[in-house]
Amino acid sequence: MRQQLALLMFLFSFTLMGQQILPEKDRARVVDEILEERFNTLLPRLMDETGIDLWILISREYNEDPVLRTMLPATWLNARRRTILLFYRDKAKNAIEKLAVARYDVGENISSAWDKEKQPDQWKRLMELIEERKPKKIGLNYSDDFNIADGLDKTDYEAFMRYLPKPYHAKVTTAEQLAVRWIETRTPREMVIYNKLVSLTHSIIAEAFSEKVISPGITTTTEVEWWMRQKVTDLGLETWFHPTVDVQRSSEELVGHLYSFSGRPEDMVIRPGDLLHCDFGITYLRLNTDCQELAYVLRPNEERAPEFLVSALKEGNRVQDFLTENMISGRTGNEILAKALQAGREAGLRPAIYTHPLGSYGHSAGTTIGMWDAQTGVMKDDGEAYPLRPNTVYAIELNTTVTLPQWKRDIRIMLEEAGFYGEEGFRYVNGRQTQLLLIPRPMTHQGR
């Protein structure tokens, strides 16, 4: 088995580095194998740590609980009719049951536990399963603080409580901690895949920010955005948000943070001397990336970017360092934010930090370290007290404002890279940008 896994990882590494994506059948196999590992290895531990011995997820077709969506087999693109999943943890026997109150198995990991001919009522069958197991604590997915852990709709909650025997009402509790930890925690195998996925993201950006795509004086920012979108589609992948490309140049004034989301001018012609910025992410094998990088468009006879822009990027890297050095297990996002901002300001920088969890979703659940419009810390409904835990991934997203006398204006160095916080501390999943991409790439063999 280990030899087969090693071979799979080697082949997977080779294909992604060559930007050749697994065919659908192989993707399905990998997704289901990872899901099996998560159910049998990760889930029991998380249930023990959160004190929930019975976790129930309920969804109807096309109105899926965000957590339940991550538990469906690769061949299930949606729930079917009403899908009820039941996970029972018997710690004394070191066993976990994975059952579906459905007419059929949910893939190979979750077994059907409902014979409609014997018990026509789906809700009554669920109650029979509960009473047979006599759980101490029943977790349901409702939450004030985490949208991804709030997937149980009002109709199903009311029906569940109406059918549930009265003695069990006091045992019902929110499963938000279990749900968030299921969503945020990555396995070693997932991290092998993540490395290659981020590498692919970097390579698409590098191609987009090159003379292969951009002809200065002709190509527009909007054309580059659609090139990136089409590239992802041509590779058989998906984007989880539409890419953005924007320009900072000497003749423009610095705009607010909303510029990247609303009111940004389209079809700006890219010119020599421009500082380009992109925001780009892809989805593959149920993982997501989110990356922002910078490029400089060389002027005639330039071989490198101006030193003042090179120095500005280094200031952005320093802010990254102040943030990641303060990512310590047990600290809340607000605590990390405050310490990182203080360190940056004491170093004479003007930082802003808005780092978010990354993984099963692009804007995922877990430790939120600031928001662009909440630099004093996030509020309760954004998980202000949720601590940093190992084996989690983040979009290290931030910026620093830099004054450029040469341009007689401020610019904003905006960076975003996938980072992994593990048992041994922080590391970037696949490196980070420390040099500006140059358009066109210098042709040194021609003396320039």
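For Arg38 (side chain) and Trp182 (main-chain N/O), a donor-acceptor pair under 3.5 Å exists by modelled atom type. Asp32 contributes a side-chain N or O that, together with a main-chain N or O of Ala74, makes up a donor-acceptor pair within less than 3.5 Å. Checking side-chain atoms of Asp90 against main-chain N and O of Ala92 turns up a donor-acceptor pair under 3.5 Å. With hydrogens and angles disregarded, a donor-acceptor distance shorter than 3.5 Å links the side chain of Gln122 to the backbone of Val101. A donor-acceptor pair under 3.5 Å is formed between the side chain of Glu223 and the backbone N or O of Thr220. Panel note: side chain Arg331, backbone Asn326; a donor-acceptor pair is recorded below 3.5 Å.
Taking a cutoff of 4.0 Å between a charged side-chain nitrogen and a carboxylate oxygen, Glu97 and Arg89 do not qualify as a salt bridge. A salt bridge links Glu207 to Lys231: at least one charged side-chain nitrogen sits closer than 4.0 Å to a carboxylate oxygen. Between Asp53 and Arg133 no salt bridge is recorded (no basic side-chain N to carboxylate O distance below 4.0 Å). Between Arg125 and Glu132 a salt bridge is recorded (basic side-chain N to carboxylate O distance below 4.0 Å). Using a cutoff of 4.0 Å between basic side-chain nitrogens and carboxylate oxygens, Glu33 and Arg189 are scored as salt-bridged. Comment: Arg350 does not engage Glu315 in a salt bridge, judged by the lack of any side-chain N to carboxylate O separation of less than 4.0 angstrom. Taking a cutoff of 4.0 Å between a charged side-chain nitrogen and a carboxylate oxygen, Asp26 and Arg29 qualify as a salt bridge. Taking a cutoff of 4.0 Å between a charged side-chain nitrogen and a carboxylate oxygen, Lys154 and Glu158 qualify as a salt bridge.
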- Query: Under the side-chain contact (heavy atoms from CB on, under 4.5 Å) criterion, do Phe160 and Leu126 qualify, and how do the steps go?
  - Reply: CA-CA 9 Å; Phe160 177 84; Leu126 174 60; 3.8 Å; yes
### Message
side-chain contact (heavy atoms from CB on, under 4.5 Å), that's the test. Do Arg60 and Arg82 meet it? Break it down for me.
### Response
CA-CA 4 Å; Arg60 284 175 289 169; Arg82 176 179 278 109; 3.6 Å; yes
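Inspection of the Thr233 and Gln230 side chains reveals no N or O donor paired with an N or O acceptor under 3.5 Å. For the residue pair Arg286 and Thr70, no side-chain donor N or O sits within less than 3.5 Å of a side-chain acceptor on the partner. For the residue pair Tyr354/Asn399, the side-chain donor-acceptor check at 3.5 Å is satisfied. For the residue pair Tyr157 / Thr155, no side-chain donor-acceptor distance below 3.5 Å is found, with atom types taken as modelled. A donor atom on one side chain and an acceptor atom on the other are not found under 3.5 Å apart for Asn141 and Asp150. Of the N and O atoms on the side chains of Asp290 and Trp240, not one donor lies less than 3.5 Å from an acceptor on the other residue. Side-chain contact annotation: Lys98 with Asn40, donor-acceptor N/O pair under 3.5 Å present. A donor and an acceptor atom, one from each side chain of Glu397 and Gln292, are located under 3.5 Å apart. Counting only N and O atoms by type, the side chains of His277 and Gln248 include no donor and acceptor under 3.5 Å apart. A donor-acceptor pair shorter than 3.5 Å can be found between the side chains of Gln320 and Arg432.
When each of Asn288, Thr239, Thr289 is tested with Thr283 by the rule side chain to side chain donor-acceptor pair (under 3.5 Å), just one qualifies, namely Asn288. The residue from Glu176, Glu184, Arg181 that alone fulfils the side chain to side chain donor-acceptor pair (under 3.5 Å) condition with Tyr386 is Glu184.
For the salt bridge (Lys or Arg N to Asp or Glu O under 4.0 Å) test, no residue two or more places apart in sequence or in another chain qualifies with Glu211.
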For residues 104-111, which side-chain N or O atoms pair as donor and acceptor with protein atoms under 3.5 Å away, sequence neighbours left out?
| from | atom 1 | to | atom 2 | distance (Å) |
| --- | --- | --- | --- | --- |
| Asp105 | OD1 | Ser112 | N | 2.7 |

Show every donor-acceptor pair shorter than 3.5 Å between a side-chain atom in residues 358-365 and any protein atom, with sequence neighbours excluded, or say none if there are none.
| from | atom 1 | to | atom 2 | distance (Å) |
| --- | --- | --- | --- | --- |
| Ser360 | OG | Arg186 | NH2 | 3.4 |
| Tyr361 | OH | Pro66 | O | 2.6 |

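Leu235 places a side-chain heavy atom less than 4.5 Å from the side chain of Ile204. No side-chain heavy atom of Ile56 sits under 4.5 Å from any side-chain heavy atom of Leu85. Side-chain atoms of Pro351 and Leu398, non-hydrogen and from C-beta on, never get closer than 4.5 Å to each other. The shortest distance between side-chain heavy atoms of Leu436 and Leu275 falls below 4.5 Å. Using a 4.5 Å heavy-atom cutoff, the side chains of Thr219 and Trp227 are not in contact. Side-chain contact between Leu77 and Leu72 is absent, with no heavy atoms from C-beta onward closer than 4.5 Å.
Taking the six-membered ring where the residue is Trp, the centroids of Tyr394 and Phe426 are separated by 6.0 Å or more. The ring of Phe87 has its center closer than 6.0 angstrom to the ring center of Phe39. Between Trp372 and His356, the distance from one ring center to the other does not fall under 6.0 angstrom.
Atom CZ of Arg45 has more than 12 neighbouring heavy atoms from other residues, nucleotides or ligands inside a 6.0 Å radius. Within 6.0 Å of CD in Glu238 there are 12 or fewer heavy atoms belonging to other residues, nucleotides or ligands. The neighbour count for Glu61 CD, taken as heavy atoms of other residues, nucleotides or ligands under 6.0 Å away, is above 12.
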